[in-house]
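Just so it is clear, the structure is predicted and the values come from calculations on it, not from any experiment.
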Amino acid sequence: MRVVTTAQPLDVQPSPLALLLLGRDADPRSERGVECPGDLPAPSDPDLVARARAAKEKLGDKVFVLGHHYQRDEVIEFADVTGDSFKLARDAAARPDAEYIVFCGVHFMAESADILTGDSQQVVLPDLAAGCSMADMATAEQVAECWDVLTEAGVAGTTVPVSYMNSSADIKAFTGRHGGTICTSSNARRALDWAFQQGEKVLFLPDQHLGRNTAVRDMGMSLEDCVVYNPHKPGGGLTAEQLRAAKMILWRGHCSVHGRFSLESVRDVRERIPGVNVLVHPECKHEVVAAADLVGSTEYIIKTLEAAPAGSKWAIGTELNLVRRLANRFAGEGKEIVFLDKTVCFCSTMNRIDLPHLVWALESLVAGKVVNRIQVDPETEAHAKAALERMLALP
């Protein structure tokens, strides 16, 4: 006898993360965006360039467009200034008369611009889904739990937090509340020197590679002086003894672009291009940095290539949009510039800012509608700004 049963609906509710990833919910305290209201121009619209120019011209001095080095060429064309995240935030703060700051970058960068600009200025991110995987790897709740673990181990009182610029406003605020400072890839050494004058240990957030490379390569520490705190394991996966013995407590975070470069990439490019100079960003893994000829921030990479002699050969370990732009820029000078890895690797979230999104944001401003405004609440802003100001005061 065959028994037929009627399937009953399962009482299963999707998790908040599932809804977020499906684009059906929003988390304003996360780096992940969800959607942009309104209709975007079609990517194939042949008039996009003309529309962007017209909208920007109508807005005049009311708008200031910032373009991060990793942006697409089609977006960089309309940027008033280009640079890394902190340079752009400072450039925005230096333009108090601009009513609108359109930040062609990612979410944490727009937050920093909002923190550093005046109350009357409005920061716009053309696509809210332009987040940062690294910044996503450290949430306020996880970092608060980490501090509890350090407190229980008896080391919180001697630990100074140092947070990379590539972090959310919440993490910057945590850093400010606990007497720490922000750093960039350019001044990480100075920030750590300052931090070790204030305490015995550093909690470095959220990029483990920049923290490790700065401590070991630049400051002479050993790899044994560094431990990695994994927020997905009880107690960070560390014992109290390990925390007490460590000098650098590194958050288990990384850049999804720079983390792709490997020691094999370096070996391969040296075999393919004899005499090549390998120049990488300090967000790369320690073994890649150790095998490179030169290591430095985005601005350092650009300045190094500007000063390089004609005929020199370079393999660059950083985001592909920038490498390709530099290769085209210096080709006429006889400089050979290639991407370090054979695999194409753009920053996927940075690339969400495209010409249709930029046109939509600018035309909305022309129509008197501010879209995708990024606002940091006053309390978070105050503590985050304190941490940023400590960085600005570094010797």
Between R189 and D218, does any side-chain N to carboxylate O distance fall below 4.0 Å? no
Here the pair of heavy atoms bringing V376 nearest to D114 is N-OD2, 2.9 Å
Please answer: with hydrophobic residues joined when any side-chain heavy atoms are less than 4.5 Å apart, are Y164 and L203 in the same cluster? no
Is it the case that over 12 heavy atoms from other parts of the model lie below 6.0 angstrom from the CZ atom of R252? no
Please answer whether the main-chain N or O of A50 pairs with a side-chain N or O of D47 as donor and acceptor at a distance below 3.5 Å. no
Distance in Å, M109 CE paired with C132 SG, rounded so as to fall on 0.5 Å steps: 7.0 Å
Assert yes or no for the condition that the ring centre distance of F339 to F261 is strictly below 6.0 Å. yes
Nearest 0.5 Å, what's the CD-CG distance between E363 and L59? 10.0 Å
Counting neighbours of CZ on R270 that are heavy atoms of other residues, nucleotides or ligands and sit closer than 6.0 Å, is the number greater than 12? yes
Scanning both residues in full, the closest heavy-atom pair of A93 with L116 reads CB-O, 3.4 Å
Using 30° and 60° as the class boundaries, would you call the ring planes of H68 and Y70 parallel, tilted or perpendicular? perpendicular
Atom pair OG1/CD1 of T117 and I101 - distance to nearest 0.5 Å: 6.5 Å
Parallel, tilted or perpendicular: which one describes the rings of W360 and H357, with boundaries at 30° and 60°? perpendicular
At their closest point, which heavy atom of P126 faces which heavy atom of F103, and how far apart are they? CD-O, 3.2 Å
Following the transitive rule for hydrophobic clusters with a side-chain heavy-atom cut-off under 4.5 Å over Ile, Leu, Val, Met, Phe, Trp and Tyr, establish whether V155 and L192 coincide in one cluster. no
Hydrophobic cluster membership, V295 vs L340, 4.5 Å side-chain cutoff: yes
S185 side chain to S297 main-chain N or O, any donor-acceptor pair under 3.5 Å? no
Worked verdict on D268 versus S265 for side chain to side chain donor-acceptor pair (under 3.5 Å): CA-CA 5 Å; D268 176 74; S265 302; over 6 Å; no
Looking only at atom types and distance, does a side-chain atom of D225 sit under 3.5 Å from a main-chain N or O of S222, one as donor and one as acceptor? yes
Can you confirm whether the side chains of S348 and N351 place a donor and an acceptor under 3.5 Å from each other? no
Counting neighbours of NZ on K247 that are heavy atoms of other residues, nucleotides or ligands and sit closer than 6.0 Å, is the number greater than 12? no
Establish, from distance only, whether the side-chain atoms of N187 and T184 form a donor-acceptor pair under 3.5 Å. yes
Rounding to 0.5 Å, atoms CG (L66) and CD1 (I76) come to a distance of 10.0 Å
Output yes when E77 and R53 qualify as a salt bridge under the 4.0 Å nitrogen-oxygen rule, no when they do not. yes
Could you tell me whether E306 and K303 have a side-chain N and a carboxylate O separated by less than 4.0 Å? no
Atom pair CG/SG of N166 and C183 - distance to nearest 0.5 Å: 9.0 Å
Would you kindly confirm whether V280 and L263 end up in one hydrophobic cluster when ILVMFWY residues are joined by side chain heavy atoms under 4.5 Å apart? no
Following the transitive rule for hydrophobic clusters with a side-chain heavy-atom cut-off under 4.5 Å over Ile, Leu, Val, Met, Phe, Trp and Tyr, establish whether M221 and L210 coincide in one cluster. yes
Do the charged groups of D91 and K87 touch, with an N to O distance under 4.0 Å? yes
Using ring centroids (six-membered ring only for Trp), state whether F330 and W314 fall under 6.0 Å. no
Using 0.5 Å steps for rounding, measure from the OG atom of S112 to the NZ atom of K385. 12.0 Å
Using the rule side-chain hydrogen bond (donor to acceptor under 3.5 Å, both in side chains), only one of E283, K285, E319 pairs with H258; which is it? E283
